[in-house]
Structures are given as C-alpha cells and as structure tokens.
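One structure is given below, encoded as structure tokens.
Sequential numbering from 1 along the given sequence is applied to the chain's residues. Every value quoted in this text rests on a predicted model; they were computed, and no experiment measured them. Note: hydrogens, waters and symmetry copies are ignored here, and every other heavy atom, side chains too, is used.
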Amino acid sequence: MKRRGRNLQLNLFYLVIFFSFVLSARTQGGGGGGANGRIQFDAGVILDLNSWIGNISLSCMKMAVDDFYAVNSGYSTRISLHIRDSGGDAFGAASAAIDLLNNVQVKAILGPQKSSQASFVMELGDRAHVPIISFSAKSPSLSSTQSSYFMRTAYNDSTQAKVIASIIQEFNWREVVPVYVDDEYGNGIMPFLINEFQLIDVRVPYRSSIPPSATNSQILKELSRLKEMQTRVFVVHMTCDLGLKLFKIAKEEGMLKKGYVWITTYGLTDIVNLMGSSAANAMQGVLGVRPFVNMTSKLRDFKKRWRKIFHQENPHAIITEPIVFGLWAYDTVWSLALAAEKVGMNNLTFQVADISKSSNDIASIGSSSVGPKLLQSIQSTEFDGMAGKFHLIDGQLESQVFEIVNVVKNGIVRVGFWAPPHNISGRINSKDKLDAVIWPGEPERVPKGWEWPTAGKNLTIGVPVKPGFPEFIRVDVDPHTKKQVPKGYCIDVFEAVMQNLSYAPYEYEFFEDKDGNMNGTYDDLVYQVYLQKYDAVVGDVTIIANRSLYVDFTLPYTESGVSMLVPINDNSKKDAWAFLDPLTTDLWLASGAFFIFTGFVVWVIEHRINKEFRGERTEQLGTVLYFSFSTLVFAHKEKVLSNLSRIVVIVWLFVVLVLQSSYTASLSSMLTVQQLQPTVTNLNELIQNGNHVGYLNDSFMPSLLKRLNFKESKLIAYNSPDEYHDALVNGTVAAIVDEIPYLKIFLNKYCGKYTMIGPTYKTDGFGFVFPKNSPLVSEVSNGILRLLESKKMGDIENNLYGNRSCPTQEATDTNCSSLSFRSFWGLFLITGVASMACLVLYLSHFLYKHREFLQSWDPEESFWQKLALLAKLYDQRELPDANKTGEAKEEQVLGDATYPVDVMTNAAISEPQTPSSISNHTIENFESEEEIEASSDEERASGREISRQNPDPPSFADMLTPRDHSDP
C-alpha cells in the first residue's frame, strides 16, 4: 500500500511538470494574437473574490476593458486580464503573484486588494520588473520609495489623517481614541494620525488595537475598556467585516447613544452601501470620510450599466452602486491600457530564469523586458477618469477633495467637504459651516467628547476640615437632614460654577480622621486625587508648582500672592513747629528772597512818582517789606501808579496764590491725616533681626519661608485670626506671613491696627483640584471666568468680606513729604523774568529821559561821583507841569543847594503826575518839597529871565555852584 501511494505521488508530480511545460510553451515569446488581430497584453489581477470590494472591483475592471476598446477600436494592443483569487490572506496573494509571473508571464499586476498582501507582492514586482498597481492598498507604509515598481492608484491613508484631524478641530474635541485593526493596514496610518492630532493639541490617551481575526468576546472586552474611559470620541480604521462586527457589539453595549462620537475612515465609510440596513442600523449617527466623486453624466451612465450587469451576476446583492474602490479599479485599467499602447508591444519577451526550477518557485521568476518603459508610461499618464482626475505623483494618486458623510436612518447623508485651503466647509471651496449632523442618540447638539464620571457615577469631592478661617471653608449641620455639609466661600464659588455643568453630579467627602480632625496637610489632600481616591478637591487650596506635578488646577478664583502682616504706628509730627514742615528749607529761602526782590523792584519803579513809596529811609524800607509780605494775604494798601509795577505785582500775586494754596493743603494733610507706618518693611529685616514669624497651620508656608532663608526655629504656626492678633500684640512674632485672602479677612476684623506689606511672593491663588488631563478642568475654568464677570461673584465676595473695606498699606501710608523748590522753580522763573524785565525797562527809560544831563557831565569826575549824582537825580520826585504843554520840571539838588533844571521837551514824562502821587524827599541836606513848591513860581520866573538873557542851558560846572533860593 505504501508503494502504491508513493507511485501515485510520482505520477501526479510528472503530470504537473508536463502541464507546466505545455503552458509555458504556449505563453513563451510574448503576447499572442488577441481579438481582431490586436497584440494581447497580459495583465494579472489579484483580488479577494469572496469580498464585496473584490467582486465590485472585478466587475468594474471588466467593464473598463470593454469600454476602453469600444472607444479606442483602432488600438493595436488589447489587455487580457488573468484573474487570481488571493483567498483573503497574504500567502494566497503571494502564490497568485508567483503563478502569474512564472506561468502567465504578465507584464503588470493589478492588486493585490489589501496592504498586508501588497508588501510581499511588490517585492516580486521589483524582481520581475513588473509594475504592481494597487487601487485599494492604501497604507502609508507602502510607497514607491520601498519598491520602484509599486504604484498606488488610490489616495494614501496619510491624507485622510488631515481630514479627520480637521473634523476633531472643528468640533473642539480635546481627546481622541483610535480604534484600528492590528495589521499592516491599521498600523500604517497611526503615526500620521497621531502626528496630526499633536499639531492641533489633541491628546490620545489610549490606542485600541483589535486583531484581524478577533472574536466577539475579544471585541467586547476591548469595548468595555473604552466604555470605562472618560473619552467619548473614537476614530475607527479597519476592514468592513471587522468594522461591522465592532459596531454591532458597540450598539449592544450602549456605546452608540447620546454623548458618543464615532468617526470612520473611508475604508469603512462605504460599509452602509455594501451591507445595507444591517450596517445602517448599527451605525446611526456615525461620521465618515471618503473621497469625493463628482457626479457627471458619464458616471451616471456607468452606474446605471454597472448596476444592471452586477445584479445579473449577483442577483441577491443589495449593493446599488459601485463604491470608490470600483471606480479606482476602472480608472486603473484605463491607465494601463493607455500606457500599453504608448509603449508598443514589438518586443514582448519575458526573460525566463532557471527552467529547472519549479514554476511555482520564486527563483524561477524571470524579468519583463518592457517593464521599465511601461512603468514610466503609467506614471506619466493623465486623463479624466470615473473617479476624477487621474494623475500620479510619486507613484500614487493625487488626493483632492474629501466628503464628510453622516449615517442617518437607512443611508448616508453628505454634511460637508474637506479641501485645501479652507479645509472643513459646507460647500467646496467655501467657508460655509458644515450642515447639521445627527449624532448617536439623534441629538443635534454637538457632544462634548468626554464623560466623567462614567457609568452614571457621582464625582467624589474631597473637602478639607480645619479651623481658622471658616469664611472660606467650614463644616455645618444641615437643619433638615441633620447631616454635615461644607459651607463657605469656596463652596459657594464651586456650586455656582457647577450649576451650569449639570452633566457632572457630585457629592462631598470630608478629609478627616476618626476624631473629625484634618487627616493630614493640604499636600496630602491634593495627593488623594492623584491616588484616585477623590475625583476633585474643593477648598482653600493654593495653586503651587509641586502640586501641579500630580494634579491639574482650574483657573484661580481668588486674589493671588503671599504677603506679610505687621502692626502699624502713627508717625505724624504735630509739635509747635509743625507749620514749617510743609515747605523745605530751600523753598522757604527762595520764597523770602523773591518777596524782598519783588518789593525792591516795585519801590524802584514807584519811588519817583508815587508819594507812598517816599519818605525817610527807614520808612521806605518798611514800606518795601510791608508791601511785599502783605501780598501773601492780599492785604497791601499801597497803590501802584506805573504799568510796569502793576505787571510785576500781578505776576507775583499769581505765584503767591499757588504757594499759599499748596502750603495750606500740605499743612492740613500733615496735621489731620494719620501717617501710619509699618513696624517692619520687608522680610530681610526680619531675617537680619532674628524675629519670629507666624504662619497658618497645615499650609505650605513653612517650605516657602525656608526657601526664603528663615530658620525653622523662628517659625510659629497658628490656627486662627485671633491667635494672629494675640501673637502680634504680645510680641511673640514680629509679623505674620500668609496668603492675601486670609490676611484680608484678618484686616476686616482688626482694621486700623495692622497692614499688609507686599506681596513678597507670587502664587496663583486658590483653585479647584482635578486629576491630570481631566476634561473638567477646562469646563470648570470657563465657568469660573463667566462667574468672575457676573454680578453673582460680587455677591459672593460681599458675603466673604462684607461691605467694610480696610485699607492696605498702599492706602494708609500717607507720609506727606514737604514741598521743595524743585516743584515751584518754574513759577519763580516766571516772576523773576517778569520783574527783571520791568526793572530793566524802567531804568532804560530813566537813563534815556536824562541823556542830555548825562552828556553834560564833567569827564574829569570819578565814577563814584557820577554814580552819586545819578542817585541824587533818581531820588528827585517828578512833579506835574502847571501848563498844558505837558512839560515837567525837576528839582535837581546837588551838594547843599537846590537848582531848578529845565528838562527838555523830549525828555519830559509822557504822563502828568497827579497831586496824590507827590511824596516827600528824604535825602539829607535837601530842602523840603513844601519849600520847593512854595518857590516854584519865583524860580520859574527867574528861569525864564535867565533863558531870555542866555538861551543856552547852564553848564555842568554852573550846576555844581550852590545858590541861595532867597536870591532875587
């Protein structure tokens, strides 16, 4: 029996060899004659004929051959398709490729269908110089850089990674979980998908990989794990059969209800068209992406013909139209037919390898002589195909526009497009929004993308239990339920925020030991969230760096910073000489100097014409001082007659008004306002003096103070504001270092006795604690922002601090500095320039008026003699003229006698003097003005007589000769 079995095996082996040689002889030497005398171009086709995609693609390819040569009947070549079934696995695809290359000697292979199959077949194509053209192997791991003879007439999966990322960004989801098949097809897209998510700051907390041959129990186990996660956005990338099984189980587990988001890649999007209502029922509300195919009349006619042919071959099929893969298969055949005609088939030889090897051995694979030219021809082929423009870039089809579809009821509804540069839009090349999407559970509201807590559980909120500042957090007893409930400012803020987050129910749990005391420090409480004992912590928890390593904080809802609390003293000076303090010494001296200078200028201008500024020297000195200083209270009684004097006085009065107002305000502030000064101004002073510092028990202050170089022995912990006060009063500590919210509560209770210095150290204030990467962090933070901008937050803070507001150090530190000359030098400059200008103008006018008198001086006299004469001349009062000509007379007194001097008309005063302006001369040895007035008529007569006898004016020497007034 064994011998008969061995003989039978030998006979079968020889039979296989015989048929192989016969088949090889038939195909040796190139393509044989085709229909109508055309040269036959052999092309292999490797498909999974047991799949709908394989059957649809095959029917489209056959129609492509018929349609192409019906249109191009004059072509000299004709493609002959040699179909092989891969059996759905990589080994079957490799065996089919070896058979086609060895036994048929095909010049090109269309397929294989799956990426896992193509990775091996493309190596065979490289060896045989035969182009491998796949219209369905879309994995980015397959490219022409790995195999120069591999081409993909489909979109690369890396392209749709951008589309999916744009959808995630459009709906502002922050976390996504990819669910993919664990093979070449599924793993190939993951790096590109993750990279796109990173670009838009979207987290991928978990990657769910499912084996290609996963059982229902395996899928259920994985879905249960996903269900327990807080993320509710899933991107599914797998084959149709596995994807349908996944969605059916997910629906049974309640994972296609309200709150879930499912997005499919285009390898799975057409499953509804393939599987009909069974797939639609399991995928209600699912979003999908697929290449957009513009409906043309040519495509509409093709679909009509395809539907008729396909249903004749598959009468029980529910498929109504060819999917995108079928259209790409159709265009692939056209591109190959065009390339074959371009190359020309004059030499269709296929160089055979070692014929001693088996025909199914890899070593026996020969090489195609036409392969390089055919490859180049296919890559350069361009035309408008059924699926759109056919154009290969770097060995793969150029991606263009994607459409975004929604599974609704029994079919698919388009809701938008993706195309550069606008990415997501409701219409192609526009900025319109997407159409309304029906999400799982049929809600129209966009899901938030997460659920926490899951499975209907309540959030467990940890609450600190400690005495001290009950205004922030405390434990009260509910009068109705008699249960302990947390109350205080922190609870009020948290509950106000959570009112708008009704999807997150919560319950409080006190962080206490069996005696009802705080079960550790605040750091211990925060760490419980990291240990997953609490879902969150609500209380007066400060946001600091070391805590952020384990948990996430919301935005702060209180004022931030650490400050120092110290006693204050009233340092205001209220002694007998306090009235001198408003002005500095330099300003007092400058003011006095300008008082005297202004009086002097007015005296100089008014002395010759105003009798109120004449008289004895002591009287004139008193008049100058009295006039200038009386302007301080605007009580000067002397009239000024000259316009120049009036200008000086007006400017000076303005300066006096400003000085007086400033002095009054400064003095009032010094005498009436408390000047509160802190006993300590900075932390370094405490460190240098070795003072003790107090802080709040169970806080992070000890570690902060140690970092600031405080010795641990100098730190004392307290539990309440009253203990703070007692320690500061009895001198146990020199200062309290604590957070600003606590210190403001303390100051409201002990207002006026203490003040805050700082802040000396920055913190972020109080925040709510959540686990790392919790989606509630952003939700609650947004709620805090809305609350801070609302009136309700003001009401909550009024409950905390009350309506009483105790000023801080910045408000109470009213150390009024004295007014200095620097603040008023501009005013003194103005009055100084005005006074000096009027003085110079007056003196210039005086000298010009007496220019002839000055010209008649004896040049032999000394400077001091001339100056004395000029002073005596200035000291004379200008008298009004009796006639109407406006001429004036002056009494010139020289030496011991008085001489009348006839002043020239051009030197006369333009304004006649009034009697009231006449004053007495006080120069020693001068005659009284009453005598001068009594003898004025006689002297005028004498002067006229002398003028008639001697019209020339007297010489300077004559004027120096004394004469008696009594001489006739």
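The pair D698-K466 does not count as a salt bridge, with every side-chain nitrogen at least 4.0 angstrom from each carboxylate oxygen. A salt bridge does not link R232 to E175: none of the charged nitrogens lies less than 4.0 Å from a carboxylate oxygen. The pair D492-K487 fails the salt-bridge criterion, with no side-chain N (NZ, NE, NH1 or NH2) lying under 4.0 Å from an Asp/Glu carboxylate O.
Counting non-hydrogen atoms of neighbouring residues, nucleotides and ligands closer than 6.0 angstrom, the OH atom of Y530 reaches no more than 12 such neighbours. At most 12 heavy atoms of other shown residues, nucleotides or ligands fall within 6.0 angstrom of atom NZ in K221. Crowding of E712 atom CD: a count of heavy atoms from other residues, nucleotides or ligands under 6.0 Å not exceeding 12. Heavy-atom contacts from other residues, nucleotides or ligands closer than 6.0 Å to OH of Y550 number 12 or fewer. At most 12 heavy atoms of other shown residues, nucleotides or ligands fall within 6.0 angstrom of atom CZ in R822.
A donor-acceptor pair under 3.5 Å is absent between the side-chain atoms of S774 and the main chain of P771, judged by distance alone. For the pair R474 (side chain) and F469 (backbone), a donor-acceptor distance under 3.5 Å is absent. With S548 contributing its side chain and I544 its backbone, the two residues share a donor-acceptor pair below 3.5 Å. The main-chain N or O of F511 is never found under 3.5 Å from a side-chain atom of N519 such that the two would form a donor-acceptor pair.
For the residue pair V176 and V235, the shortest heavy atom distance occurs at CG1-CG2, 3.6 Å. The two residues W439 and R445 have their closest heavy-atom pair at CD1-O, 3.5 Å. Looking at every heavy atom in both residues, W173 comes nearest to P447 through NE1-O, 2.7 Å. The two residues T558 and F766 have their closest heavy-atom pair at OG1-N, 2.9 Å. Taking both residues in full, the closest heavy atoms of V551 and K772 are given as O-CE, 3.7 Å, listed atom of the first, atom of the second, then distance. Across every non-hydrogen atom of Y506 and M498, the tightest pair is CE2-CB, 3.7 Å.
Contact of the V179 side chain with the R207 side chain is not registered, since no non-hydrogen atoms from C-beta on lie closer than 4.5 Å. When side chains are defined from C-beta on, L704 counts as touching R707, because their heavy atoms get closer than 4.5 Å. Between V286 and I263 there is no side-chain heavy-atom pair separated by less than 4.5 Å.
Counted by atom type alone, E222 and S208 present one or more donor-acceptor pairs between their side chains at under 3.5 Å.
Between F472 and Y489, the two ring planes are perpendicular [angle over 60°; tilted spans 30° to 60°]. Taking the six-membered ring for Trp and thresholds of 30 and 60 degrees, H725 and F746 have ring planes inclined between 30 and 60 degrees apart.
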**Request:** Apply side chain to side chain donor-acceptor pair (under 3.5 Å) to the pair Y724 and D738, showing each step before the final yes or no.
**Result:** CA-CA 11 Å; Y724 280 180; D738 210 339; 2.6 Å; yes

**Asked** Are I716 and T732 close enough, and set up right, to give a side chain to side chain contact (heavy atoms under 4.5 Å, CB included), and what steps lead you there?
**Response** CA-CA 9 Å; I716 303 177; T732 304; 3.9 Å; yes

**Request:** Let me see the working for K448 and E779 under salt bridge (Lys or Arg N to Asp or Glu O under 4.0 Å), right down to the final yes or no.
**Result:** CA-CA 10 Å; K448 60 182 180 294; E779 295 287 330; over 6 Å; no

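Between S720 atom OG and K749 atom NZ the span is 7.0 Å, to the nearest 0.5 Å. Rounding to the nearest 0.5 Å gives a distance of 12.0 Å between CD of E723 and CG of L728. The line from CZ of F192 to CD1 of I164 is 13.5 Å long, rounded to the nearest 0.5 Å. Taking OG from S224 and CE from M255, the interatomic distance works out to 8.0 Å, rounded to the nearest 0.5 Å.
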